[in-house]
Protein chains: 2
Amino acid sequence: MRSIHYTRDALVEVLRRHDINPTHQRIEIAYALFSRGEHLSADQVLAIVNDRHSQTSKATVYNTLNLFLRKKLIREVIVDPSKVFYDPNTIPHHHFYNVDTGELVDIDAAEITISGLPQLPEGIVTEGVDVIVRVRSKAE
Amino acid sequence: MRSIHYTRDALVEVLRRHDINPTHQRIEIAYALFSRGEHLSADQVLAIVNDRHSQTSKATVYNTLNLFLRKKLIREVIVDPSKVFYDPNTIPHHHFYNVDTGELVDIDAAEITISGLPQLPEGIVTEGVDVIVRVRSKAE
DNA sequence: ACTGAAATTAGACACAGTCCAGATTATGAA
DNA sequence: TTCATAATCTGGACTGTGTCTAATTTCAGT
């Protein structure tokens, strides 16, 4: 998906640029997301972070993910009714979502074009456009 | 949104056509959705149905909504991380979602065109394409 | 080292949705 | 009508995600 090697030092810089005080826990959580470049649920982040090094509480994981969201360091992907996925890729893109396997794959936004969207009423601003292509492993 | 008057009798027919045994509770739940033509959460359906007539349990509302989904009588709209909305409109369409107000508005799929979607791998079939335009009430 | 602000924590809590075992209702044969 | 059977519905316990709170820890600046 992405093979950039994120050192923790590099992530400290990224956090600072996003106006986030780089604490131990925040660095570990960022590392979990960015070193893999995968879509992870809060649950998965918690498990990964507590596998190595320091213990991090559930509350901190949720607080931190929401902080990262607010600071636009990561995005949230809402495809599964039961949990949110967090996406370290903030380049505009969309998703394939395999309903059977839960697999979530990026689609570069540059590749696709959406035309004919209705005009927005006055005072309403677009925040973002999400395209989700729900797929399944053939058969039925 | 839609001003067709659904009688309960008409809904019985709709249920039958979708291979659903039309019980009291199922008719009331269908009526709640189709008479309003709005996106409702399970919670809202439960409240509406129990406002009038017979008592219907939470379990039945969830069972029934999932049955309707399986039988493709309704669709689910996943935009809010905390709850699913059920949509009686099964004509292909997309959504505006106001992040501030929670308001959900239809966009006719016929109006818009999406081009450039990547080829799917062998053995993978498209289930549906959801476009969600997230909007907010200006300012920031 | 001392102090206040920021961050983290455990655990209680809220709430959507599921599960289960028992009660109710519908169906249909005799 | 009566009985047997299957389908449906039910309350309530339960699960899992995410939030809240009050107390503790960490950290920056003096």
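Residue numbers start from 1 in every chain, and the chains themselves are labelled A, B, ... in the order their sequence lines are given, proteins ahead of strands. The structure displayed is predicted, hence computed values, not measured ones. Only this structure's heavy atoms are used, side chains among them; waters, hydrogens and symmetry mates stay out.
Read 5' to 3', the first and last nucleotides of DNA chain D with an atom closer than 4.0 Å to a heavy atom of chain A are D/dT17 to D/dC27.
Checked against ring-ring contact (aromatic ring centres under 6.0 Å, His included), A/His95 has the following partners two or more places apart in sequence or in another chain: A/His39, A/His93. Applying the side-chain hydrogen bond (donor to acceptor under 3.5 Å, both in side chains) test to A/Ser57 and every residue at least two apart in sequence or in another chain returns A/Thr60. Here B/Ser115 pairs with A/Thr113 under the side-chain contact (heavy atoms from CB on, under 4.5 Å) rule; sequence neighbours left out.
Under a 3.5 Å cut-off, the side chain of B/Arg26 and the backbone N or O of B/Ile20 do not form any donor-acceptor pair. Judged by distance alone, the side chain of B/Gln44 and the main-chain N or O of B/Ser41 form a donor-acceptor pair under 3.5 Å.
Listed here is the closest heavy atom pair of A/Val131 and B/Val129: CG1-CG1, 4.0 Å. The shortest heavy-atom contact between A/Ile112 and B/Gly116 is CG2-O, 3.4 Å. Scanning all heavy atoms of the two residues, the minimum distance from B/Val49 to B/Ala32 falls at CG2-CB, 4.1 Å.
For the pair A/Arg8 and A/Tyr31, the cation-pi criterion (under 6.0 Å, within 45° of the ring axis) is fulfilled.
Linking Ile, Leu, Val, Met, Phe, Trp and Tyr residues whenever their side-chain heavy atoms come within less than 4.5 Å leaves B/Ile78 and A/Tyr86 in two separate clusters.
Between its two ends, the helix from C/dA1-D/dT30 to C/dA30-D/dT1 turns its axis by 20°, counting five pairs per end and rounding to 10 degrees.
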Letter by letter from the 5' end, nucleotides 16-28 of chain C scores (B base, S sugar-phosphate only, - none; protein heavy atoms under 4.0 Å) SBBB------S--
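Contact between the side-chain N/O atoms of A/Gln55 and the OP1/OP2 oxygens of C/dT8 is not found at any separation under 4.0 Å.
Base engagement by B/Thr60 is indicated by at least one non-hydrogen atom pair under 4.0 Å involving a base atom.
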